[in-house]
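Below, each value reflects all heavy atoms present in this structure, side chains not excepted, and no hydrogens, waters or symmetry copies.
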Amino acid sequence: MRRLLRRLRLAPPARTGTQTGNKSNALDPAMKVDSPERVAELYGFVRATLERHEPGMEPLSPIRVSRRMTRTLGSYRPDKRQIAVSSRLLAFGEQSHVETVLLHETAHAITHHRNAKASSHGRLFKSVCLELGIEPNRFVNVPIREWGSRRRYVFTCAACG
């Protein structure tokens with residue numbers, strides 16, 4: 001598919017939907033969900049949250065965007081002190097859903113910082129979630145059914161538009 005696109009030299013398609021969520025369920029091939037600017041924006045959100053709620057904590061490693069995460073939207077690895085986010089969430093999810101997932105994973109980081117042996121979704125985690133203003137659940141409620149079961153692409157001809 002990439003070879004075909006290179007051969008046809010298709011111009012980047014017009015954006016459908018918004019930055020916060022794509023209403024037509026179409027992925028824009030020109031828009032990279034894991035661009036350095038987007039990852040820096042997500043990391044800035046997490047860093048500001050940590051500064052506000054856990055000022056003595058060391059900064060986390062840069063956020064990793066994973067194309068392999070299909071069953072989970074985010075994860076926190078205490079050994080690497082790193083948050084990972086699904087590329088599908090960034091491509092299809094609304095900004096509020098992305099922020100909620102980041103807050104959930106940040107709650108894991110704060111919980112691990114306060115007590116390394118605390119249960120991952122136990123009492124301490126739930127109190128940290130309430131501190132951050134999110135639901136203290138094991139999951140983040142995101143309507144992924146709306147995303148569709150497969151990716152769809154929008155292509156625009158460079159000559160005729």
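Taking the side chain as every heavy atom from C-beta outward, Ser61 and Arg77 never approach each other to under 4.5 Å. Considering only heavy atoms from C-beta on, Arg67 comes within 4.5 Å of Asp34 through its side chain. By the 4.5 Å heavy-atom criterion applied to side chains, Leu73 and Phe139 are not counted as neighbours.
Of all heavy-atom pairs spanning Glu105 and Ile83, the tightest one is CB-CG2, 3.8 Å. Considering every non-hydrogen atom in both Ala107 and Cys129, the closest pair reads CB-SG, 3.9 Å. Nearest heavy atoms, Tyr43 versus Pro59: OH-CB, 3.6 Å. Between Ser86 and Thr72 the shortest heavy-atom distance is CB-O, 3.6 Å. Minimum heavy-atom separation, Val33 to Leu90: O-CD1, 3.5 Å. Considering every non-hydrogen atom in both Leu124 and Ser127, the closest pair reads O-OG, 2.8 Å.
Of the residues Lys80, His113, Arg81, the one that meets the side-chain contact (heavy atoms from CB on, under 4.5 Å) test with Leu60 is Arg81.
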_Evaluation steps, side chain to side chain contact (heavy atoms under 4.5 Å, CB included), between Thr49 and Leu102_ = CA-CA 10 Å; Thr49 303; Leu102 286 175; over 6 Å; no
*Test side chain to side chain contact (heavy atoms under 4.5 Å, CB included) on Asn141 and Glu135 and set out the steps.*
CA-CA 9 Å; Asn141 193 7; Glu135 293 287 325; over 6 Å; no
_Pair Arg114-Val128, side chain to side chain contact (heavy atoms under 4.5 Å, CB included): steps then yes or no_ = CA-CA 10 Å; Arg114 291 182 183 173; Val128 171; 3.5 Å; yes
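If you chain together hydrophobic residues whose side chains sit under 4.5 Å apart, Val101 and Met69 never meet in one group.
Rounded to the nearest 0.5 Å, atoms CG (Leu132) and NE2 (His53) are 5.0 Å apart. Here the CG atom belonging to Leu103 is positioned 12.0 Å from the NE2 atom belonging to His108, to the nearest 0.5 angstrom. Rounding to the nearest 0.5 Å gives a distance of 11.0 Å between OG of Ser120 and NE2 of His112.
Shown here is Arg123, whose CZ atom has no more than 12 heavy atoms of other residues, nucleotides or ligands within 6.0 Å.
Checked against a 6.0 Å centroid threshold, the rings of Phe125 and His104 count as neighbours.
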